[in-house]
2 protein chains.
Amino acid sequence: MVTLAEVARHAGVSASTVSYVLSGKRTISAPTRERVERSIQELGYHPNAGARALASSRSDIIALMMPLRTDMYVPVMMEIAMAVATTARAHGRDVLLLTDQEGPEAVRRVIGSGLADAMILMDVELEDERLPLVHEAPRPAVLIGLPADTEGLTCVDLDFTATGRLCVDHLATLGHRELAVIGEAAAVYERHTGFAERTITGVRERAAELGLRVLHRPCEGSFESVAGALARIFDERPATTGIVVQNESAVGPLLSLLRQQGKAVPEDISVVAICPDQVATQTSVALTSVAIPAHEMGRRAVELVMAKLSAGKGAGTGTAGRVAAPPRETVVRLLAPRLTTRASTGQAPRLVP
Amino acid sequence: MVTLAEVARHAGVSASTVSYVLSGKRTISAPTRERVERSIQELGYHPNAGARALASSRSDIIALMMPLRTDMYVPVMMEIAMAVATTARAHGRDVLLLTDQEGPEAVRRVIGSGLADAMILMDVELEDERLPLVHEAPRPAVLIGLPADTEGLTCVDLDFTATGRLCVDHLATLGHRELAVIGEAAAVYERHTGFAERTITGVRERAAELGLRVLHRPCEGSFESVAGALARIFDERPATTGIVVQNESAVGPLLSLLRQQGKAVPEDISVVAICPDQVATQTSVALTSVAIPAHEMGRRAVELVMAKLSAGKGAGTGTAGRVAAPPRETVVRLLAPRLTTRASTGQAPRLVP
DNA sequence: CTGAAAGCGCTAACAT
DNA sequence: ATGTTAGCGCTTTCAG
């Protein structure tokens with residue numbers, strides 16, 4: 001294994017010079033730099049990560065904690081993870097993959113050991129058990145999702161309330177007066193992930209402002225379940241003409257069922273989905289939709305982490321530990337929803353009484 | 001930050017004793033161990049990962065390289081990643097998340113720097129560019145997927161050939177004589193990922209042995225595309241009664257289309273899918289399917305890595321570098337497919353000429 | 001602009 | 001059963 005010392009000898013310089021060529025923290029004369037760089041090439045030198053972490057007390061690793069549960073928004077989770085990984089690399093950082101399986105303690109383990117310099121937590125619940133640990137951790141963290149109390153935290157999420165309002169606006173503009181929401185599985189609401197509730201809140205608020213009626217029915221992804229939800233909707237509100245779906249696995253079944261029941265989309269019923277574009281465009285009728293900006297969420301999370309890492313330079317590791325940490329800044333970055341009009345929404349049908 | 005030395009002082013023992021309590025590599029008397037453990041608790045000690053890696057030349061990290069592409073088998077990829085993460089933790093290892101975005105060089109970077117002790121590569125293609133680097137890397141690697149030449153490599157995958165044969169067997173037993181395969185997107189075949197071809201090979205082999213006819217049509221996931229494939233199938237072989245689908249995003253549209261065309265499943269047409277159970281059970285007709293054992297693939301990959309890490313103890317890092325590495329063992333672990341019969345397959349309809 | 005040298009916190013011989 | 005100690009490879013003062 002090639003060490004920095006060997007590179008130094010080979011290049012005829014001191015170890016520190018090689019180190020500074022690598023880090024760029026000191027001005028090095030062009031000829032020296034070139035000699036060193038050539039030696040690095042020729043010897044095939046790779047700086048040892050452990051030694052570097054030990055000496056600098058930075059691992060250049062960001063931990064990403066993902067939900068183990070694989071029942072919801074899988075493509076979105078995946079896209080966020082990939083965005084985090086690529087953005088982190090673009091900033092010279094690596095990503096450590098954690099799952100919530102290990103429990104909140106994982107935060108302490110990874111930060112305490114210096115394995116990671118910072119954390120990104122996905123799928124944050126309203127009263128997340130990891131929050132206490134995040135607060136006391138001496139390293140930055142960014143949450144994807146919005147807990148109930150964001151004081152002192154840094155969070156990124158889609159503005160789901162605005163998303164709900166936007167869907168209603170779109171349908172209202174097309175003349176729809178009776179709306180229904182096919183929501184997430186009941187378990188999602190019980191888990192208090194927040195985003196589902198926020199969507200409903202947005203829908204209700206805007207509907208109230210515009211004087212529209214709304215019916216909300218939770219729904220598992222299965223065909224059966226969608227059928228049930230749909231039946232109850234038309235049973236209770238036969239005049240429903242606009243549907244908002246927030247459950248990507250429900251969109252396929254929904255369109256099948258509507259067709260089966262002789263309801264044309266968008267002539268009889270308009271459908272707006274909250275789902276990835278890929279899902280929206282692969283259905284029999286291309287769906288008007290609000291996409292979850294997964295890539296941007298991942299990218300923003302990393303950028304916020306990087307900002308906090310630069311900011312906390314002098315403070316964080318500073319000197320001995322007993323100094324009270326300064327109260328942390330609260331940052332809540334809600335991404336604006338964007339609705340793409342496709343083939344599934346149209347003018348509300350004339351009432352034929 | 002609490003160090004091992006502080007723990008040692010607090011417990012009134014030497015540093016090495018603390019170290020050995022932690023690693024269990026030496027027998028420690030019960031009272032001493034308890035004292036040390038109490039000190040560790042009281043002081044809130046976490047061993048420093050960098051120092052440990054430097055001193056032991058092991059990071060206890062396994063790198064997992066995932067495809068960035070998010071167009072295929074996303075839930076499967078996700079499940080593999082989660083299985084790798086949890087299994088690795090169960091073995092006291094952490095997982096570093098890499099993407100193929102960085103290129104094959106990532107292998108060298110991560111291994112060369114000692115960041116990871118071993119690698120798991122997902123989505124391995126027949127002629128994968130990472131293979132040369134894997135061969136020359138001084139650390140173990142496990143591939144998920146099967147390259148063209150497996151010599152000296154360790155691979156895990158579903159036995160897709162057997163999967164193809166199994167699907168045909170199932171349909172043949174039910175009396176079907178004219179089969180069709182709705183395959184992966186053309187791009188998948190062009191990329192030479194291997195698994196898609198192997199499935200077709202298995203289907204063809206078994207069909208030939210049993211004297212059945214088979215038509216294979218690639219297919220994108222979209223509704224349009226499935227409609228096209230289906231149309232061509234019934235156009236060329238109107239007597240087709242059994243369909244094998246290897247494209248999870250095609251199953252929803254397929255069932256819709258069949259219903260729309262007045263073909264009952266399974267009375268007129270039997271459908272076997274190669275897809276996750278979750279997909280198979282959420283459709284309007286529960287699908288007879290062969291699941292891709294994603295969790296097991298991830299778990300096995302980690303177990304193979306662990307085995308190689310234990311095996312390569314003396315050899316790997318041993319002494320100076322110029323010693324020729326011994327030729328590596330070839331391990332190809334193909335998982336047997338299991339077919340679950342559900343509602344989408346049944347006796348072939350009687351011919352009504 | 002470059003060197004010398006003191007650690008960073010831990011592991012693993014080598015002692016006893 | 002435990003202690004002593006020499007590094008592991010790098011970063012970063014402190015000197016020039």
Side-chain angles (χ1 to χ4, degrees), chain A residues 1-36 39-40 43-60 112-115 117 313-314 316-321, chain B residues 1-37 39-40 43-60 92 112-115 117 313-314 316-321:
Chain A
M1 195 203 172
V2 188
T3 70
L4 182 148
E6 300 181 59
V7 173
R9 200 175 321 127
H10 185 274
V13 299
S14 73
S16 58
T17 297
V18 177
S19 176
Y20 284 119
V21 165
L22 254 30
S23 69
K25 291 186 180 175
R26 209 188 226 184
T27 41
I28 304 283
S29 70
T32 309
R33 190 192 7 271
E34 280 159 25
R35 214 138 31 81
V36 171
S39 296
I40 289 177
L43 301 181
Y45 168 70
H46 286 275
N48 180 284
R52 185 172 259 191
L54 177 56
S56 64
S57 42
R58 306 187 331 169
S59 63
D60 284 351
S113 67
L115 223 192
D117 297 334
K313 279 282 174 58
T317 320
T319 28
Chain B
M1 195 204 173
V2 189
T3 70
L4 181 147
E6 300 181 58
V7 174
R9 200 175 321 127
H10 185 275
V13 297
S14 73
S16 60
T17 297
V18 177
S19 177
Y20 285 119
V21 165
L22 254 30
S23 70
K25 290 186 179 173
R26 208 189 226 186
T27 42
I28 305 283
S29 71
T32 309
R33 185 185 19 264
E34 281 158 25
R35 214 137 32 80
V36 170
E37 276 163 355
S39 297
I40 289 177
L43 300 181
Y45 168 71
H46 286 276
N48 181 284
R52 187 172 256 191
L54 177 56
S56 63
S57 43
R58 304 185 333 167
S59 64
D60 285 349
S113 67
L115 223 192
D117 297 334
K313 279 282 173 58
T317 321
T319 29

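Chain identifiers are assigned alphabetically (A, B, ...) following the order of the sequence lines, protein sequences preceding nucleic acid strands; residue numbering begins at 1 within each chain.
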For this session: Please evaluate the base of dT12(D) for a donor-acceptor partner in the side chain of S56(A) within a cut-off of under 3.5 Å?
Result: no

Exercise. For N48(A) and dC8(C), what is the distance between atoms CG and P respectively, to the nearest whole Å?
Worked result: 18 Å

For this session: Could you check whether V18(A) gets within reach of a base, just the sugar-phosphate, or nothing at all, counting any heavy atom under 4.0 Å?
Result: nothing

For this session: Would you kindly give the OH-to-C1' distance between Y20(B) and dG3(D), to the nearest whole Å?
Result: 11 Å

Exercise. dG9(D) phosphate, OP1 or OP2: any side-chain N/O from R52(A) under 4.0 angstrom?
Worked result: no

Exercise. Between T32(B) and dT2(D), is there a side-chain N or O to OP1/OP2 distance below 4.0 Å?
Worked result: yes

Seminar exercise, completed: When rounded to whole Å, the CG to P distance for the pair L54(A) and dA6(C) reads 17 Å

Exercise. How close or far is atom P of dC1(C) from atom CD of E34(A), stated in whole angstroms?
Worked result: 14 Å

For this session: Return yes if the base of dG3(D) and the side-chain atoms of S16(B) contain a donor-acceptor N/O pair under 3.5 Å, otherwise no.
Result: yes

For this session: Within residues 22-30 of chain A, find the residues that approach DNA chain C with a heavy atom at under 4.0 Å, and present them sorted by residue number.
Result: R26(A), T27(A), I28(A), S29(A)

Seminar exercise, completed: When rounded to whole Å, the CD to C1' distance for the pair E6(B) and dG9(C) reads 10 Å

For this session: Ignoring backbone atoms, establish whether T3(A) has a side-chain N or O less than 4.0 Å from OP1 or OP2 of dG9(D).
Result: no

Problem set entry | Side-chain donor/acceptor of D117(B) to backbone N/O of R58(B), under 3.5 Å | no

Exercise. Quick check: does any side chain N or O of S39(B) sit under 3.5 Å from a backbone N or O of R35(B), one acting as donor and the other as acceptor?
Worked result: yes

Exercise. Would you say dC10(C) has OP1 or OP2 under 4.0 Å from some side-chain N or O of S19(B)?
Worked result: no

For this session: With the side chain of Y45(A) defined as its heavy atoms from C-beta on, choose the nearest nucleotide among dG9(C), dC10(D), dG3(C).
Result: dC10(D)

Exercise. Rounded to the nearest Å, what distance is computed from the NE2 atom of residue H46(A) to the C1' atom of nucleotide dG9(D)?
Worked result: 15 Å

Exercise. Just how large is the angle between the end axes of the helix from dC1(C)-dG16(D) to dT16(C)-dA1(D), five pairs per end, to 10 degrees?
Worked result: 30°

Problem set entry | Contacts of S16(A) that satisfy side chain to side chain donor-acceptor pair (under 3.5 Å) - sequence neighbours left out | S14(A)

